[in-house]
Amino acid sequence: MDFETRAIHGRQANPLLDDDVAPPIHLSTTFVRDPDGTYPKGYSYTRSGNPNRAALEQTLASLEGGAAAACFASGTAATMAVFQSLAAGDHVLVPEAAYYGTREMLRAIFPRWGLQYDFIDMTDLEAVRRAMRPNTRMLWLETPSNPTLRITDVAGVVALARAAGALVTADNTVATPLLQRLFALGCDLVVHSTTKFINGHSDVLGGVVVTRQDDDMFKRIRTIQVHGGAVPSAFDCWLALRGVKTLAHRMTAHCANAQAVAEFLATQPAVTAVHYPGLTTHPQHALARRQMTKFGGLLSFEVRGGQREALAVVAGCRVVGRATSLGGVESTIEQRASMEGPDTKTPPNLLRMSVGLESASDLIQDLGRALKVLA
Ligand SMILES: *Cc1c(COP(=O)(O)O)cnc(C)c1O
């Protein structure tokens, strides 16, 4: 079945969900046993398994083209599960351009667990090769990266990892499985913050780990999910499953709007750089074209000046919301460095924009007016 169909019908048959067109929400934490002590419908306690969570996991595994998926209470908890699946003394390579929360997690938590890591330029294959060590067990990718929209050569990194017997995990939050198929490019695990485009309506926090094979690695992830306990609620799973049904159509419109906004920003004298892989001026546009079908709904741009000028542009927006996060139907914009904290390498004049599903001309008009404060 095609992507759009799997987004709507991608879950497996389930006796607790199938009598309704829109599935019921199973809020119960516990399920009744048969007199012989068995659980006839397969569910015993909702941390171990819940019908709404199973439906979301099966749908997301199907959309990514993976064998199995485990949902978490946030994208951060999903990332955490992947690093927790490694052992003390293992080494991971992580892009210096990765989502700041991923870098912060490694820095704040994992040194005491004995996990070794290096932040490198993952877009430079020679730098990747040089950074590999005998104990490198995993390479982490995020492409396009948040918030600088850098593109990593996925097949190139996979080839280096394979040769060294290391796994490749990719954070596909920004692109979604509609725009790039990371298992087809050789990745072993895919992580999402389902908070973003997958749910798409700015009202659920969630995450997922999908694996290419239903193997020992997936068993480890499932164990961390169930025995670590950072599971999403049934209601959150129900909402995310409702959101994902329209993912293909939302993403197509996000991409068209982002392309229009990026092209408009590129014409503005107060804008000194636009970071969007769909622009032919993006340094990795050709690579993005090879491994993505479209270029996504996230972009960033730099304005003439510094933090003060960037904040003034945000303050001038009326339609585009002054808020963090991305992937919602409503557009949002933020001066990114102030969200990432004092150690950030994100330039102070950089604005990150999640382009929503309002009309492109209203968004362009709003940004044009906001940019006038720098004229
Ligand atoms: C938001 C985000 C995360 C973290 O997800 P949460 O759901 O906020 O915990 C991870 N990676 C990327 C690329 C993100 O944008």
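Start at 1 and go down the list; that is how both ligands and their atoms are numbered.
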Test item: side-chain donor near acceptor, Asp90 and Tyr117, under 3.5 Å: no
Between Thr148 and Ser145, does any side-chain donor sit less than 3.5 Å from a side-chain acceptor? yes
Applying salt bridge (Lys or Arg N to Asp or Glu O under 4.0 Å) as the test, list every pair that has at least one member in residues 337-355; sequence neighbours left out.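 The answer is Glu334-Arg352, Arg336-Glu340.
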Could you tell me how the ring of Phe110 sits relative to the ring of Phe83: parallel (under 30°), tilted (30 to 60°) or perpendicular (over 60°)?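 Aromatic pair Phe110/Phe83 classed perpendicular.
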Distances under 3.5 Å, N/O of ligand 1 against N/O of the protein: list each pair and its distance.
from, atom 1, to, atom 2, distance (Å)
ligand 1, 5 (O), Ser193, OG, 3.0
ligand 1, 7 (O), Gly75, N, 2.9
ligand 1, 7 (O), Ser193, OG, 2.8
ligand 1, 7 (O), Thr195, OG1, 2.7
ligand 1, 9 (O), Gly75, N, 3.2
ligand 1, 9 (O), Thr76, N, 2.8
ligand 1, 9 (O), Thr76, OG1, 2.6
ligand 1, 11 (N), Asp171, OD2, 2.7
ligand 1, 15 (O), Asn146, ND2, 3.0
ligand 1, 15 (O), Lys196, NZ, 2.8

Does this structure show an ion pair linking Lys219 with Asp214, if we count only N-O contacts that are shorter than 4.0 Å? no
On a heavy-atom basis, which atom in Ala61 and which in Ala68 lie closest, and how many Å separate them? CB-C, 4.1 Å
